[in-house]
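Before any comments, here is the structure.
Numbers restart at 1 for each chain; the letters A, B, ... are given by sequence-line order, proteins then strands.
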Protein chains: 2
Amino acid sequence: MTTLKDVARKAKVSLATASYVINGSDLISQPTKDKVLFAAKELGYRPNGNAKNLKKNKNEIIGLFLSGFTGPFFGELLEGIQDTVIEKGYEMVVCASDDKHRLLMERYVDGAIILNYHIKDELLNYLASDKFPIVVLDREIENPFIKQITLPNSLGVEHSVNHLVELGHKRIGFITGSEESYDGEMRLKGFKKTLSQRGLIYREIDLIRADFTETSGLLSMKTYLDEHEEYPTAFISANDEMAMGAIKAVQQKGLQVPDDIAFVGYDDIDLSKHFHPPLSTVRVQKKLWGITAAETLFKMLDKETGFEVEDIPIEFIPRSSSLKGGERDSG
Amino acid sequence: MTTLKDVARKAKVSLATASYVINGSDLISQPTKDKVLFAAKELGYRPNGNAKNLKKNKNEIIGLFLSGFTGPFFGELLEGIQDTVIEKGYEMVVCASDDKHRLLMERYVDGAIILNYHIKDELLNYLASDKFPIVVLDREIENPFIKQITLPNSLGVEHSVNHLVELGHKRIGFITGSEESYDGEMRLKGFKKTLSQRGLIYREIDLIRADFTETSGLLSMKTYLDEHEEYPTAFISANDEMAMGAIKAVQQKGLQVPDDIAFVGYDDIDLSKHFHPPLSTVRVQKKLWGITAAETLFKMLDKETGFEVEDIPIEFIPRSSSLKGGERDSG
DNA sequence: TTGTAGGCGTTATCAT
DNA sequence: ATGATAACGCCTACAA
């Protein structure tokens with residue numbers, strides 16, 4: 001592989017001069033620059049990032065560590081992070097780290113954003129430092145070098161429950177995914193809490209565990225309907241996809257939404273407003289979540305201190321999947 | 001930051017010994033090993049990947065370069081690549097490289113898989129070499145160090161067209177996304193080709209450009225229906241999401257699918273069989289696509305030569321969105 | 001304006 | 001079984 005030394009030799013200049021040229025120093029005369037650039041192109045020179053970074057002691061890369069690529073893949077979140085990272089002149093890499101977490105261990109990145117339940121708190125506490133800040137999106141953890149940017153999940157579900165209670169619902173079910181999802185569990189927690197606040201009881205029997213996909217929502221709800229005699233008059237789902245699947249199952253059974261069973265989702269994905277019926281849901285600004293996470297990480301990298309992290313705003317969006325005709329007209 | 005030298009000093013051994021211990025050499029006595037490991041833990045030692053890789057002249061990381069994180073994000077594809085990469089003891093990073101392509105330029109990865117129309121053929125030709133193999137998923141390119149693993153797009157659409165023609169359709173429309181998508185354009189090309197093979201004419205007016213999302217399919221079809229008096233009796237869509245959106249638009253207009261307009265999608269995403277009506281489509285094994293891409297890259301890294309790359313299999317799946325009652329019964 | 005040389009943290013060869 | 005030491009490719013004072 002061509003090194004800078006080869007380029008220098010070919011251009012008949014010293015290594016230092018070649019380095020200056022490659023790095024765009026303007027202490028070098030134009031003829032010399034041309035010679036070096038020409039030689040570099042001729043030889044197909046590519047700088048060695050490892051050597052550069054070893055010297056500079058930083059990579060200008062931040063890493064996003066996910067648990068996998070299937071399932072709910074947060075496109076907007078990634079966009080938010082990516083935009084911020086690029087703006088700062090950094091690069092972002094996303095990895096589904098296996099159990100060795102090599103990329104995390106061996107300082108390939110200057111900071112990390114974690115959304116991966118496989119990575120243990122213990123490891124994060126070990127890694128995080130002054131020089132290696134971490135932002136977590138999927139847990140709470142006490143460490144001066146780790147900041148958490150979590151969604152106001154409980155609050156969102158509180159809105160949903162209140163909405164349904166005000167419409168007169170007394171028995172409300174909940175659809176969620178695996179227990180490994182922090183957001184899912186927090187939403188469930190908010191559900192239980194608000195139910196009790198409103199004087200309703202939480203029934204384990206009306207909790208459906210799917211896996212956050214539309215298909216799983218459909219299948220789980222189908223099973224639920226087949227195996228139960230009586231149903232709640234409303235369901236809240238931990239995300240929109242499962243709500244849509246569940247609604248399809250209900251409709252296929254010949255029941256009406258929202259008249260027989262009302263539904264409220266979570267996230268307000270693009271499709272929710274076009275769904276039939278349009279889905280009531282909680283809008284989450286995932287892109288802002290990503291931006292906030294990345295900006296927080298950069299503040300930590302810049303050794304800023306004492307800053308406040310703003311909550312990610314949410315908004316309850318009532319639509320037809322929970323509002324009957326009369327209710328829609330009146331509010 | 002703690003270095004191996006610090007560890008060695010603390011353990012009162014030489015740098016070399018510390019290195020041996022960290023790398024699990026068994027030439028070292030157990031007591032010495034213990035001393036070093038203890039010191040390393042005490043100091044929170046983390047190896048410096050840059051230094052290691054500089055020395056070893058390889059990173060054992062392969063990179064997947066995408067054009068962005070929104071839009072159709074090929075979860076299965078990523079899974080396929082990831083599985084293969086992990087099996088080989090490598091890591092995978094995925095990046096949406098900006099215009100500087102630093103990660104690609106500066107040898108942060110030992111090989112690359114490209115699905116990013118922003119990256120020019122010229123750059124790939126410049127980068128690819130004996131030591132830096134590249135697999136492209138989104139173009140055709142002539143270079144001994146670049147292999148292409150593309151989908152049999154044209155063939156898939158050929159099945160779809162034949163299916164519709166055999167059902168008696170004479171005017172068939174096509175829904176696709178941006179021209180920047182290689183797969184989309186190839187599917188369109190296959191559409192035009194097969195139409196003419198079957199003696200039908202291709203009409204520009206029946207080509208709908210959306211952006212591969214369900215929402216865009218819905219909106220574009222709505223516009224199409226509003227702006228035209230007469231419609232094709234069938235549409236083929238370059239992916240399932242747009243087909244579903246378009247079907248919703250058609251249904252909202254009070255028309256029947258497939259009786260008034262039949263639809264065929266592409267990809268056979270999970271949801272297609274649960275859609276109402278279930279969507280006729282072309283099944284693509286995207287995970288196998290990822291596996292094939294990654295395996296091909298590793299063969300190139302291993303300097304294997306003369307191997308054949310198998311085509312990714314596809315299969316036409318007829319469902320109700322293109323089959324009327326009688327047709328379903330009889331076949 | 002250009003060259004010399006030391007060092008970034010490792011690994012690995014060669015001694016001991 | 002362990003230690004010295006020379007690379008790996010690059011950057012950057014400091015010299016010239």
Below 4.0 Å: OP1/OP2 of C/dT2 and any side-chain N or O of A/Ser29: yes
Restricting to non-hydrogen atoms, name the atom on B/Leu43 and the atom on B/Thr2 that form the minimum distance, rounded to 0.1 Å. O-OG1, 3.1 Å
How would nucleotides 8-14 of chain C be written as a contact map, 5' to 3', with B for base contact, S for sugar-phosphate-only contact and - for no contact, using protein heavy atoms under 4.0 Å? BBBBBB-
Evaluation steps, side-chain hydrogen bond (donor to acceptor under 3.5 Å, both in side chains), between B/Asn239 and B/Asp267: CA-CA 6 Å; B/Asn239 76 356; B/Asp267 288 342; 4.9 Å; no
Begin from the C-alpha positions of A/Asn53 and A/Arg107 and carry the test side-chain contact (heavy atoms from CB on, under 4.5 Å) through to its verdict. CA-CA 10 Å; A/Asn53 297 150; A/Arg107 322 189 118 281; over 6 Å; no
Whole-Å distance between C/dT1 C1' and A/Asp34 CG? 15 Å
To the nearest 10 degrees, what angle separates the axes at the start and end of the helix from C/dT1-D/dA16 to C/dT16-D/dA1, five pairs each? 40°
Non-hydrogen atoms of B/Ile62 and B/Ile113 that approach each other most closely: CD1-CD1, 3.9 Å
Does any non-hydrogen side-chain atom of A/Tyr182 lie less than 4.5 Å from one of A/Leu151? no
For B/Phe298, all residues meeting ring pair (Phe, Tyr, Trp, His ring centres under 6.0 Å), sequence neighbours excluded: B/Tyr90
Establish, from distance only, whether the side-chain atoms of A/Asn23 and A/Ser25 form a donor-acceptor pair under 3.5 Å. no
Rounded off to whole Å, could you give me the CG-to-C1' distance for the A/Asn59 and D/dG9 pair? 15 Å
What I'd like to find out is whether the side chain of A/Asn143 reaches to under 4.5 Å of the side chain of A/Ile134, using heavy atoms alone. no
